[in-house]
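Keep in mind that what you see is a predicted model, and the values were worked out from it rather than measured. Order of the sequence lines sets the chain letters (A, B, ...), proteins ahead of strands, with each chain counted from 1.
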Amino acid sequence: MEQVLSQAVLVGIITSAIRLATPYIFASIGEAFSQTSGVVNLGVDGIMLVGAFMAYYVVLKTGNVWFAVLAAMLVGIAMGLLMSFISVSMRAEQGISGIGLYMLGLGLSSLLFKVLVGSVQTIEGFKPLDIPFLADIPVIGEIFFKNSLPVYVAFLLIPAAWWFLEKTTWGLKIRAVGQNPAAADSLGVDVIKVRYFAVTFGAVLASLAGASLSTALVNLFQENLTAGLGFIAVALVYFGGWKPVGILVGALLFSTVNAFQLWMQVLGVDIPSDVAVMLPYLLTIVALVAVTSRIRPPAALNKPFDRGEN
Amino acid sequence: MSNSSSPAQARITSVEMRNIVKRFPGVLANYNVNFDVKAGEVHALLGENGAGKSTLMRQLYGLYKPDEGQILVDGKELVFNSPADAIRSGIGMIHQHFMLVPTLTVTENVALGLSSTREPMLDLDLVEKRVLELSKLYGLKVDPTAYIWQLSVGEQQRVEIIKALYRNAGIIILDEPTAVLTPQEVNDLFAILKKITAQGHGFIFISHKLHEVMAICDRVTVLRDGQMIGTRSTEGITRDDLVKMMVGRDVKPLPLQDHPEGEVRIKVAGLRAMGDRDAETLRGVDLEIRSGEILGIAGVSGNGQRELAQCLTGLRRASAGTILLDGEDITHMPLLQRMSAGQAYIPEERMQDGAIREFSVQENLFLRDHSAPENTHGIFLNFKRMEQRTREVVKEYSVKTPTIETPIKNLSGGNIQKLILARELSRQPKFLIAAQPTRGVDIGATEYIHQKLLEQRDSGTAILLISEDLDETRSLSDRIAVMFEGKIVGIVKRNQATVEQIGLMMAGVSMAEAMK
Ligand SMILES: Nc1ncnc2c1ncn2[C@@H]1O[C@H](COP(=O)(O)OP(=O)(O)OP(=O)(O)O)[C@@H](O)[C@H]1O
Ligand SMILES: [Mg+2]
């Protein structure tokens with residue numbers, strides 16, 4: 001074990017962990033917006049898949065990553081509006097509509113992939129972007145400052161999301177609507193509009209999470225590329241107590257275990273690979289059980305709003 | 001939307017509602033109602049449960065749209081499509097159930113929905129400054145940095161008033177503001193209302209307590225079954241006049257006779273329990289209730305009354321001490337078993353703990369006893385009998401409902417209360433716990449409920465009465481136990497202590513000291 005965990009390997013694990021955390025951060029922060037406003041969106045994984053495919057396909061055809069980002073954002077807006085319409089306007093059971101959205105995303109992305117692409121082809125996505133000077137610092141530079149753009153954006157998203165939710169008028173509305181929509185309504189806040197915004201913005205981040213996976217991390221697409229990553233992202237929101245910093249901790253913990261597991265396989269350490277792959281998921285369950293008693297979800301989570309007049 | 005720090009623009013000085021008609025399926029909630037308020041006055045809106053008071057006010061605040069009629073603000077006709085419109089026109093409303101976000105601070109609650117001077121950033125520092133100004137100007141003591149969940153009910157109400165004043169409301173609606181307050185808090189509220197009216201604001205005041213209406217209001221309008229009975233000045237009007245207008249007949253307070261006491265039915269010794277916030281809120285309670293006796297608990301809310309009731313019902317675990325029912329230890333007996341041992345409970349949070357909003361009147365009435373032999377034919381429910389019994393109860397308790405199949409979420413607040421009371425009182429328990437039995441209930445029904453409680457007492461039930469209405473506690477209880485910080489400060493016989501003496505004990509003064 002000792003020589004396996006040499007400094008080079010440690011640096012490798014941490015570097016991978018930072019990169020692997022990227023899609024989790026995007027998706028979880030997005031889900032945190034949605035849930036803070038009172039809407040559980042279980043369709044994250046489906047949105048990610050469609051976003052991942054569209055971004056991948058655009059790069060495949062145009063070679064332009066910026067068009068890919070745009071395409072992913074449009075996917076997010078469309079699927080976010082769909083989720084909002086079903087669960088906010090039509091007041092459908094959120095868990096069910098989320099699962100429906102997931103199935104839709106899974107099916108749609110597979111279909112499009114089969115029809116438009118057919119076989120697995122790699123693309124040239126986001127290139128590593130060294131931060132001047134900082135990238136030259138030994139070890140630290142290697143780990144933190146030689147990543148691709150989406151990785152940096154993901155980490156900047158944490159303080160940005162905190163700032164938005166805690167310091168802006170819209171953030172206050174989102175928090176209020178998720179706790180006591182009737183109170184917000186009585187002050188003239190448009191509950192429906194705020195929830196539409198939060199759910200759709202969350203879906204855009206989910207779609208970008210998918211895009212970061214297909215155009216920055218693995219540079220390819222295949223059926224069910226995310227393999228349930230979006231569901232882990234939902235769990236991380238609970239783990240993080242609906243707070244961006246908590247979510248960051250959760251995402252890093254999860255990606256570190258994942259990176260460790262990958263490296264162990266690469267180095268040929270003798271653990272059955274199925275067991276290794278299970279490890280991060282097992283960890284999620286254990287971690288959730290450990291923190292669940294201390295967390296308090298938004299009081300109006302999962303509760304559709306209507307003013308009470310027939 | 002108003003700007004959070006701009007100087008006050010001209011404030012509105014009058015609101016008028018003309019010929020308002022509002023129908024719900026099967027109910028005529030308001031019919032040709034005329035109502036007006038002016039700056040500088042408090043105008044009471046009176047009426048029995050379901051008379052249409054809340055409905056009328058919800059239309060003035062933009063929550064419902066009138067089917068017919070007009071709303072005029074400063075003489076100009078306006079149409080409100082949402083509360084935002086009403087707020088913009090200078091109308092504020094403080095609801096029967098507070099509209100606050102518990103996880104946000106006072107300042108954040110005030111700022112919610114306002115545009116900021118530094119859009120998109122919040123300007124909480126400016127809001128906080130203005131909140132402190134308002135709080136000083138009107139004597140509304142409150143800490144702007146506190147979270148709502150940390151505040152007492154009285155403080156939360158002050159936050160609601162500040163919210164309305166901050167939005168420059170000229171006319172403010174108060175829907176049963178005193179129902180949840182202790183007597184001291186009511187006095188504080190009245191002092192504040194006087195100060196605010198003197199500064200040129202107007203209030204609409206809804207209450208079922210007539211002495212409050214007489215004490216604070218200038219004019220009073222009475223509704224009955226959605227129709228307007230009339231508007232009077234409170235000058236020279238008596239309580240009996242008002243009752244007649246509301247109910248259509250006289251309702252007199254009950255004469256109370258002493259009653260021979262029976263055996264000790266409930267004996268509580270050294271009872272301790274934890275509260276919701278991980279602190280011990282019951283700290284060694286000893287008391288006895290005899291068969292045929294009403295023991296009233298007096299105390300400022302939050303001194304352990306709720307926990308005591310919950311321990312006695314079995315909804316909360318006692319950490320120490322014993323509860324004996326007819327000599328049998330029931331301290332750790334589960335709720336259901338206690339009920340079959342002859343215990344009944346009228347919960348304080350009747351909407352949450354006692355009823356299912358989507359279920360019909362009949363279904364709610366038989367939630368508990370649906371499997372009792374008289375309600376079944378073998379494994380089937382005896383719907384005929386249940387229906388008949390429901391009709392009886394609805395009539396007896398004058399529960400206002402279009403049909404017995406109506407889901408109770410469409411009933412007025414007070415009528416839901418009456419229904420649950422009816423359910424619990426129609427059993428013949430050995431031991432009855434009644435928490436705030438007449439909160440939000442109109443005067444006719446209050447009389448009826450009091451009468452029922454006394455009937456139960458006379459037939460031998462031991463009753464624990466927990467009420468924040470000291471008048472109620474004093475007029476019904478054979479003995480009054482005063483609670484403070486989780487302990488019983490002292491137990492006095494009816495008429496043994498004055499209101500002031502009980503008040504002193506409620507503030508923690510020892511019995512010996514208070515009775516001097
Ligand atoms: N949303 C609704 N749908 C159907 N019926 C309703 C609705 N809201 C109120 N009602 C009915 O309108 C009538 C008036 O109710 P309202 O709540 O205005 O009474 P209230 O005077 O405020 O009574 P309380 O003193 O009990 O609060 C009641 O019969 C009630 O059942
Ligand atoms: Mg009402």
Counting heavy-atom pairs under 4.5 Å with chain A, the top scorer among B:His95, B:Met99, B:Met121 is B:Met99
Show the nearest heavy-atom pair for residues [X] and [Y], with the distance to one decimal.
X	Y	answer
A:Gly188	B:Pro83	N-CB, 4.5 Å
A:Ala176	B:Val101	CB-CG2, 3.9 Å
A:Thr169	B:Glu119	OG1-OE2, 2.6 Å

Just how far is it from atom [atom1] of [X] to atom [atom2] of [Y], taken to the nearest 0.5 Å?
X	Y	atom1	atom2	answer
B:Arg118	A:Lys167	CZ	NZ	10.5 Å
A:Ser186	B:Met93	OG	CE	9.0 Å
A:Gln179	B:Asn109	CD	CG	10.5 Å
A:Leu187	B:Leu112	CG	CG	5.0 Å

Which portion of [X] sits near chain A, non-hydrogen atoms under 4.5 angstrom:
X	answer
B:Ile87	side chain
B:Ser82	both
B:Ala164	neither
B:Lys163	side chain

If you define the side chain from C-beta out and look only at heavy atoms, does anything of A:Leu172 sit under 4.5 Å from B:Glu108?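 Side-chain contact under 4.5 Å: yes.
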Which residue out of A:Thr168, A:Asp190, A:Val194, A:Asn180 racks up the most heavy-atom pairs below 4.5 Å with chain B?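 Ranked by heavy-atom pairs under 4.5 Å with chain B, first place is A:Thr168.
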Interchain contact, A:Asp185 with chain B, by part (heavy-atom threshold 4.5 Å):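 When you check distances to chain B, atoms from both the backbone and side chain of A:Asp185 fall under 4.5 Å.
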Surrounding [atom1] of [X] (heavy atoms of other residues, nucleotides or ligands, distance under 6.0 Å), is the total greater than 12?
X	atom1	answer
B:Tyr147	OH	no
A:Tyr196	OH	yes
B:Met17	CE	yes

